[in-house]
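Right, one structure below, let's go through it.
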Amino acid sequence: MPETLKRIAEYGLTLLIIITLNFALPRMMPGDPFMQLSGADGDVVEAYTAEQREYFRTYYGLDRPVTEQFIVYIGELSRGDLGSSYYFKEAVGTLIFRRLPWTLFLVTAATMLSLLAGLIIGSFAAWRRGRKTERFIYLAMVVLGEIPAFLVGLILLIILAAGLGWFPLSGAMTHFARFDSAWERAADIIYHAALPVLTLALARSGSFFLLVRNSLGTVLTRDYMRTARAKGLSKWKLRWRHAMRNAMLPLITRTGMQVGAIVGGAVLVENVFNYPGLGKLMQDAVFVRDYPLLQGIFMVLAVTVIVANLLADLLYRRLDPRITPNIKQ
Amino acid sequence: MIENIIPKAFRRAGQFWSMLTFSGRIALIILLLLILLAIFAPLVSWHPHDASSGPALVPPGNGHIMGTDELGVDLWAMIAYGARVSIIVGLGTALLAGLGGSVLGIVAAYRGGLTDRIVMRLVDIMIALPDLPVMIVLAAFFGPSLRNIIIVLALFAWSRPARLVRSQMLVLKEQSYIKMAAHFGGGFFYLLRKHFLPELLPLIMVSMIRLAGMAIITEASLSFLGLGDPTARSWGLIINHAVNFSGIYFTSFWQWWLLYPLTFLTLLVASLAMFGRDIEHLADPRILR
């Protein structure tokens, strides 16, 4: 139990660093936020008189001590108040909630798909270790795992959408279309999501493949596998009941550890396909210099990733009986 | 003296070459060609890379072997000079993060105790942070100059060499010959120079090559999102400009404006991945094949 608490404290510290970073950045950046307000194209415009700026400084509480500002900031965060967007003139929280489902859909579908691909190809490779086909698959998956998602996406986009015209170029739904039934609507959404999901899945399957291959590879050399083989168990039972089950454990938890990379990939993929999720919104925010919006999205993504990592970490400890404090001693 | 060094270097290079796999060799050749392209950029391209040199958006041919972009800038010149940006980013990040991370790893392992715990906690935090979103935010706030991008990349890259070097140092520290040398009065810097560094150097070199590769790939991702240095156009930024040209797929412009930088970037990234894997296995036989 103390080990669990220690872990939570550790991730809590990471969270605190992110919050502090988010708080400090606008105050550290070159220039003054009020100078940047109207300079949309990057040029610094003095849009306010000295009195106006003084007024805004008081209004936003920037004349108070930093510690007080920080406490106020944390209070707002804990109430879920992420401020309001300069550009869209709306609460950041509302904007994020509107876009979040698309990103969630994309990430979940792609994770499932890449996990499945990793499992199938990875176990195939683990059983045929050292053969020529396996070596080729290994190299291909390793290279695929290091190619950034946006490159994979652009290649697919050029070949399948721009070249062959099989898939839509961008967006998540047909604009201004009226659907006769919910089914047609769903079909349209899936049709638009196909390439983004495929891209993200392809870009992530390399690391899942390596995980499955290595974890199965370790399991196969264990004594209990030899025992099982000596008992004359069928190949099927040997592979799925004995090997796969034991290899799955690290896989489940490592999936949680991968969330950070998957989110990063989703940001890129959404921008390739103009998919209206958080990643696209984040780039829009960068483009129009909407700092509160940028920070709000960053906060949501960071918290999600940290929570996922913590859960994976705790789950690993719970599932693997070998990692318990009383055995360590 | 000098006549000895050159054959020796050739023999070393030959040894290295024979240790690479087939894919590693191909990757190395491609990487060397791209480095040559970067070095001789002014010689191989005859148009300016940062100014218009003809009509906008002309297809390849007629002096512009890869066509021009929306401002009439020659694409081949931009690609040749863009290779320089990748190399600067890769080298800069590898040096900064590789040396910084190695120093931290060495100090953490040698001192142990509180120093070690602080460094390792920092490493854990860096691993838990979602790197791309943090980099986007940092680049957006501090402005995407080449220097800032290198700093941001290094900030996220140092934890890998730090961890590797630290664990290797912990093993070395327990070796009896090193303990002996310490008992005979060898100070930290003596031990470092005579015993630690010769053992650590291959590891540091390999992780620096890996860092350079990852930095180049990440810079491409950031540039693709529009967060590249606008005065030093990398391939990622050319792609960003092409993709943001509205309706590019409804015209034929993408067939050169997007396709050529994309091909070069894919070649570079794939070669870095293949070469990186190869040397990683050479340096650490414990990694299974």
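Every value quoted in this text rests on a predicted model; they were computed, and no experiment measured them. Letters go in sequence order (proteins before strands), and every chain restarts at 1.
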Task: Residue of the set B:I35, B:L31, B:I30, B:I29 for which side-chain contact (heavy atoms from CB on, under 4.5 Å) holds with B:L33 - done: B:I29
Open item on the list: Quick check on B:W17: does its CH2 atom have over 12 non-hydrogen neighbours (other residues, nucleotides or ligands) under 6.0 Å away?
Closed with: yes
- [ ] Mind ranking B:T263, B:L258, B:L262 by heavy-atom pairs under 4.5 Å with chain A and telling me who comes out on top?
- [x] B:L262
Open item on the list: If I measure from the heavy atoms of chain B, does A:V259 come under 4.5 Å with its side chain, its backbone, both, or neither?
Closed with: neither
Task: Donor-acceptor pair, side chain of A:R213 and main chain of A:A125, under 3.5 angstrom - done: no
Task: Per-residue contact mode, B:A220 against chain A (heavy atom under 4.5 angstrom) - done: both
- [ ] Using non-hydrogen atoms and a 4.5 Å limit, figure out which bit of A:N271 sits close to chain B: side chain, backbone, both or neither.
- [x] both
Task: Region of A:V286 in contact with chain B, defined by heavy-atom distances below 4.5 Å - done: side chain
- [ ] Return yes if a side-chain donor-acceptor contact under 3.5 Å exists between B:S145 and B:D229, otherwise no.
- [x] no
Open item on the list: At a heavy-atom distance under 4.5 Å, which candidate from A:I297, A:I147, A:T14, A:L301 has the highest pair count against chain B?
Closed with: A:T14
Task: Expected output: side-chain A:D290 to main-chain A:A285 donor-acceptor under 3.5 Å - done: no
TODO: Answer yes or no: are there more than 12 heavy-atom neighbours, outside B:M19 itself, under 6.0 Å from its atom CE?
DONE: yes
- [ ] Specify which of A:V305, A:V263, A:L294, A:L151 makes the most heavy-atom pairs with chain B at under 4.5 Å.
- [x] A:L151
Open item on the list: Which atoms of A:L310 are under 4.5 Å from chain B, going by heavy atoms: the side chain, the backbone, both sets, or neither?
Closed with: neither
- [ ] Select, from B:L272, B:L259, B:V243, B:T266, the one with the greatest count of heavy-atom pairs under 4.5 Å involving chain A.
- [x] B:T266
Open item on the list: Angle between ring planes, B:F16 versus B:F275, binned at 30° and 60°: parallel, tilted or perpendicular?
Closed with: perpendicular
Open item on the list: Does any part of the side chain of A:F150, heavy atoms only, come nearer than 4.5 Å to the side chain of A:V269, both counted from C-beta?
Closed with: no
Task: Interface moiety of B:D278 toward chain A, non-hydrogen atoms closer than 4.5 Å - done: neither
Open item on the list: Quick check for you: among B:T218, B:L129, B:L132, which has the greatest number of heavy-atom pairs under 4.5 Å with chain A?
Closed with: B:L132
- [ ] Without swapping roles, check the side chain of B:E219 against the backbone of B:S86 for a donor-acceptor pair under 3.5 Å.
- [x] no
Open item on the list: I'd like to know which of B:M126, B:M135, B:R210 tops the heavy-atom pair count under 4.5 Å against chain A.
Closed with: B:R210
Open item on the list: Is A:L15 in contact with chain B via its backbone, its side chain, both, or neither, using a 4.5 Å heavy-atom distance?
Closed with: neither
Open item on the list: Only pairs of heavy atoms separated by less than 4.5 Å count here; which of A:N309, A:V142, A:I306, A:N274 has the most with chain B?
Closed with: A:V142
- [ ] Under 4.5 Å heavy-atom distance to chain B, tell me which part of A:L210 shows up: side chain, backbone, both or neither.
- [x] side chain
- [ ] Using modelled atom types only, decide if a donor and an acceptor are shared between the side chain of B:T93 and the backbone of B:G90 within a distance under 3.5 Å.
- [x] no
Open item on the list: Looking only at heavy atoms and a cut-off of under 4.5 Å, which of B:T21, B:L227, B:V134, B:D124 has the most pairs with chain A?
Closed with: B:V134
TODO: Select one option (side chain, backbone, both, neither) describing which atoms of B:D131 are under 4.5 Å from chain A's heavy atoms.
DONE: neither
Open item on the list: One pair to check against side-chain contact (heavy atoms from CB on, under 4.5 Å): B:Y260 and B:Q255. What are the steps and the verdict?
Closed with: CA-CA 8 Å; B:Y260 289 121; B:Q255 289 166 5; over 6 Å; no
TODO: Determine the option with the most heavy-atom pairs under 4.5 angstrom with chain B, choosing from A:I17, A:L268, A:V143.
DONE: A:L268
